[in-house]
Amino acid sequence: MSGARGAPRRPWPAARRTADDRAAGGPRAGAPACGARAVVAAVHAPAAALAGWSLGRTLWDGLRQPGIALAFGVLIAVGELVGRGPAPAAGPGRMPGEREGAPLGAAGALAYALLGAAGGRPTTHGVPQIVAVVLAAGLIGLVPQLARGQGPALDHLARRVLTIGFAATCFQPLYNTGTLDTWVASGPVYPLFMTALMALTALCDAVLAAALARARTGWPYGPLLRDELRALPGIGSAICATGVVIALATAVAGLWALPVFCLPLLLTQFAFRRFAAVRATYRQTIASLARCTEIAGYTPHGHARRVAALSRAVGRELGLNGPDLDVLEYAALMHDIGQLSLLDPVPDGATAPLPPAQQRRIALLGGAVVRQTGAPAEVAMIVERQADPYRDQPVTARIVRTVNAYDDLSGGSAGPGGPLRALERLRLATAQDHEPRVVEALARVLSCGGRAV
């Protein structure tokens, strides 16, 4: 529901643009905090040390079984190149399954780390060579990104080096010394051991990914970790299963097992990409529908987009997970669409001065319109309940209500210092109209954008 509007809009303040960037998963304005730099250094420094030691040992000792190393190196590099190609934009959020951008490369790297034999003959490569091959293949996979000017994905490469080094360190010494045969001599215990090790490696990777995302974005660590763990049963389980199957099949059938058992995962990756394209198209459709109120003159230009971007950032600050953030964004985009059902438009789109009963009627009309679009029922529910007393609303509706009011109050007619005064007015209204926790989360988001509030 919109507040006082009608005046021309000035460009967004820096804080609001930064909130949009945060919601889109982009970099935050300004240099990262000292704590964030420490977290990034704590991941990158061990990865660099392990990579340097592995390359040095491999060059000193020479490449053992170069045919096997070349085959797995090519597999990993191809997986990285295929996985890191241009992908359809899927909006600010990531769906489950997008956590690992190069699943074929990850599966090949894990299989090489857990490879004990090839074609019935024991392998002689060790942990340093495994890390060196994975690193070299990963660097090759970065070439297209550098060519497109995107810069190297150092976080991804550091995670890959550390997780593969962990898996190889846990497996190779046990296998080469015969300890593993003593523990799991035969039967199904051996593949179960490999599967458990794969799962532990995937868990370590999820912890690292969440920590790096927390350092890069400033979003709460708990929801980020939950999103990473939620993705593991999807594409993560396929990666682990494919890695185990490749390692076991190569031990019996030799290198011919690589293309045969990589094909299912490659098809799965293409299926995820198709789904991501459909999801992006759906979001674009919702965004286009939300612009109808702007084109018809019911709401100011860019209002729905600003409310959606800032609502998503506030939702992140409050700890909402990925699916809830998607629902929140869709509801924020269409929160004013009920005005299209009015015979007589509200002057300047200002619904705040209207009686509560009329506000609720407009909200119910908006929910009915949203239901006709085929959007999830949760989206329509948020749109319908945005005019209810905030104590009766779900947290997503409270966020839309507060962010919408902030955008109205800090508009072009507010003059210099409008955003500060808007926040002050929201704080004064927390006893009746807005939840204090949501208002303070909004203040933190704007403060992180480089503005004092």
Side-chain angles (χ1 to χ4, degrees), residues 65 68-69 71-72 75-76 79 96-97 99-100 102-127 129-131 133-134 159-210 225-226 228-269 272:
Q65 295 179 315
I68 298 176
F72 275 92
L75 172 64
I76 298 169
R99 188 185 68 85
E100 176 54 65
L104 185 60
L110 289 171
Y112 191 47
L114 272 62
L115 186 65
R121 299 180 180 179
T123 57
T124 58
H125 61 264
V127 175
Q129 180 171 315
I130 292 172
V131 175
V133 170
V134 170
R159 283 168 43 206
R160 180 61 54 82
V161 167
L162 290 176
T163 53
I164 294 305
F166 170 79
T169 302
C170 292
F171 180 84
Q172 291 295 329
L174 295 177
Y175 184 88
N176 293 331
T177 59
T179 306
L180 189 58
D181 291 335
T182 304
W183 290 356
V184 289
S186 60
V189 182
Y190 182 67
L192 288 177
F193 169 79
M194 297 177 68
T195 303
L197 181 56
M198 287 281 195
L200 185 59
T201 303
L203 179 61
C204 294
D205 183 56
V207 171
L208 290 176
L225 181 59
R226 286 198 300 269
E228 296 293 334
L229 296 177
R230 188 177 289 109
L232 291 181
I235 194 68
S237 61
I239 292 172
C240 293
T242 303
V244 171
V245 170
I246 290 176
L248 294 175
T250 304
V252 177
L255 297 178
W256 288 106
L258 296 183
V260 174
F261 291 97
C262 285
L263 183 60
L265 184 60
L266 187 61
L267 296 177
T268 302
Q269 180 178 343
F272 271 115

In Å and rounded to the nearest 0.5 Å, what is the [atom1] to [atom2] distance from [X] to [Y]?
X	Y	atom1	atom2	answer
Asp205	Arg159	CG	CZ	4.0 Å
Thr123	Gln65	OG1	CD	5.5 Å
Thr195	Phe193	OG1	CZ	10.5 Å
Leu255	Ile246	CG	CD1	11.5 Å

> With distance as the sole test, does Glu228 use its side chain to make a donor-acceptor pair with the main-chain N or O of Val207 at under 3.5 Å?
Replying inline: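 Not confirmed, Glu228 side chain does not pair with Val207 backbone.
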
Mind listing the closest non-hydrogen atom pair of [X] and [Y] along with its distance?
X	Y	value
Gln172	Leu115	NE2-O, 3.1 Å
Ala257	Ala249	CB-CB, 3.6 Å
Val127	Gly165	CG1-O, 4.5 Å
Ala247	Leu114	CB-O, 3.8 Å
Tyr175	Ala117	OH-CB, 3.8 Å
Ala106	Arg160	CB-NH2, 3.5 Å

Answer yes or no: is there a side-chain heavy-atom contact under 4.5 Å between [X] and [Y]?
X	Y	result
Leu232	Ser237	no
Val161	Val134	no
Leu200	Phe166	yes
Leu75	Cys262	yes
Thr250	Phe72	yes
Thr242	Phe261	no
Thr163	Leu110	no

> Can you list every pair that meets side chain to side chain donor-acceptor pair (under 3.5 Å) and has a residue in residues 103-114, with sequence neighbours left out?
Replying inline: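 Sorted pair list: Tyr112-Gln129.
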
